[in-house]
Amino acid sequence: MIQVDQLEVIQGDFSLREVSLHIPTGQYGVLMGRTGCGKTTVLEAICGLRKIESGRIVLADRDVTDLKPAARNVGYIPQDGVLFSTMTVRQHLAFAPKVRKLDHHVTGEWIDELADLLDIRHLLNRKPAKLSGGERQRVALGRALSFHPPVLLMDEPLSALDDETRSQMYDVIQRVRRHTGVTALHVTHNVSEAAGLADVLFAFEDGVIQERPLA
Amino acid sequence: MGVHGEPVSNRSSSATATHPTRVPSDVPFFTALLLLSASYALLLLGMLVAMGSFTSPVHLWAAVQSEEIIYATRLSLLSCSMAAIWAVWVAVPIGYLMSRYKFAGKNFVDALFDIPIVLPPLVIGLALLILFQTQVGQFFENLVPGGITFAVPAVILAQFMVATAFAIRTMRVTFDGINPRTEQVALTLGCNRSQAFWQVVLPETRNGVVTAGTLAWARALGEFGPILVFAGATRMRTEVLPTSVFLELSVGNIEAAVAVSLIMVCLAMIVLVIARVFGMHDLFL
């Protein structure tokens, strides 16, 4: 599960106060809000990439508020994927297991399984420069899932995609959910994206996050 | 809109509709571009051709075979390479620090790193000379067998001081061009700061590192002022190629000076070509 209680972040002139949300285990949460309202800041705070003034963050029954990003076990997909330009797709998927010293044999099998799940097996030896927008997002998703995190955070993962690729990505995301049981928080400003994917829907307005009924 | 904000009368728009607007020609623009670019390129080429035609293969061969020039070439290659490696080694962390972090006095530190670029080269040599006369300087002077001042280490240090400033500029621009989110993602994947830097950020700077190294090497090769003051111009001891040019000119041996200059031009060209080949490596992957 993802639980954020009374989060407070101050960054120069910008501040977020008393931000709270709760997504039960295995559910898909979508956080909606206008550009610049602080959605990305909330995700970065959950990842541990942004210093918080006060509040508590619990991920998969573990209080991670004071932990470093590496120790939080969060799969994070920033806006535009942000792939590593020097690495092949296979190296992207193997990166986290290698850094975390996960068993090599398991890693090899797991990479193939993950590549099949995301339909990127034919791309394993390519570098990011030779990938399309949708392929990049699938690789970013694979990289984030490569170390079996219980929690997945996605920042506008579909915003730069055309309609056809976007609907393909819906299918990929649904497959990933069924296969991994991951608890997800997906940030977007797109209403149809929220309606198509959300189990739990949140709206970010005037610095306050409120749960909204699903349409 | 008119001068006072009123809409312009529709007379001009109806005129536009009946008479196709005459778009001024692009020829003057491209002519100016071409003329300005060509004038500089021709000046450069003219310099090289004039120098090449001034000497003869006989003179060039004699220069290449001279014991002093062989020593100067060897010392130049060695000292420039050491200065360039050292410069990159220092420029990478400084460039990263200046690109990624904000801290009190950053503007001052930034200006400090530019000092070797703006100071007259002779002054850098003088400052180094004075520094190594101080107690602290003497301590380091005594650490190195054979000393630093007026010896080979002084040549390398003088080249390093100037070359590093250029390498820092290059590395900073390189790090500025890498999305900081790249390393943030690496942190979430399980890296600590050091792992994120070595495994993710640094590989992305490869072209920048090659450029910084090449630039540092080329600057070091041409360095003369600080070496003259801090290392001296002793034949077969602290003589690098620019020193040879100076020494040959000072005794009126212009042919030899030109021959040594051509050796430097060739060396610089070889390094530039190597850098270009490395730079294009990405295109073929």
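Labels below follow one simple rule: chain letters A, B, ... track the order of the sequence lines, proteins then strands, and each chain is numbered from 1. Worth knowing before you read on, the calculation uses all heavy atoms, side chains too, and leaves out hydrogens, waters and symmetry mates.
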inquiry  = Does atom CD (A/Glu53) have a neighbourhood of more than 12 heavy atoms from anything else shown, all under 6.0 Å?
reply    = yes
task = Considering only heavy atoms, give the residues of residues 158-189 of chain B separated from chain A by less than 4.5 Å, sorted numerically, with 'none' for an empty result.
result = B/Asn179, B/Arg181, B/Thr182, B/Gln184, B/Val185, B/Ala186, B/Leu187, B/Thr188, B/Leu189
key: Test log, rule side chain to side chain contact (heavy atoms under 4.5 Å, CB included), inputs B/Gln195 and A/Val99   = CA-CA 8 Å; B/Gln195 287 170 314; A/Val99 170; 4.0 Å; yes
key: Sequence-distant partners of A/Thr41, side chain to side chain contact (heavy atoms under 4.5 Å, CB included), two or more places apart   = A/Val9, A/Phe14, A/Leu16, A/Arg50
inquiry  = Can you confirm whether the side chains of A/Ser85 and B/Glu204 place a donor and an acceptor under 3.5 Å from each other?
reply    = yes
inquiry  = So if I take each residue of residues 65-79 of chain A and look for any heavy atom under 4.5 Å from a heavy atom in chain B, which residues do I end up with?
reply    = A/Pro69, A/Ala70, A/Val74, A/Tyr76, A/Pro78
B/Met82, CE atom: more than 12 neighbouring heavy atoms under 6.0 Å = no
key: Whether over 12 other heavy atoms sit under 6.0 Å from A/Arg175 CZ   = yes
task = Examine whether an atom of A/Phe95 lies under 4.5 Å from a heavy atom of chain B, and if so say whether it belongs to the side chain, the backbone or both; otherwise answer neither.
result = side chain
Partners meeting ring-ring contact (aromatic ring centres under 6.0 Å, His included) with B/Phe197 (sequence neighbours left out) = B/Tyr96
message = With a 6.0 Å cut-off (strictly less than), is the heavy-atom count around CZ of A/Arg62, excluding the residue itself, greater than 12?
response = yes
message = Is it true that, when you exclude B/Phe103 itself, more than 12 heavy atoms of the residues, nucleotides or ligands shown sit nearer than 6.0 Å to its CZ?
response = yes
Interface moiety of A/Leu83 toward chain B, non-hydrogen atoms closer than 4.5 Å = backbone
ask   = Pick from A/Glu44, A/Arg126, A/Arg100: which one has the most heavy-atom pairs with chain B under 4.5 Å?
value = A/Arg100
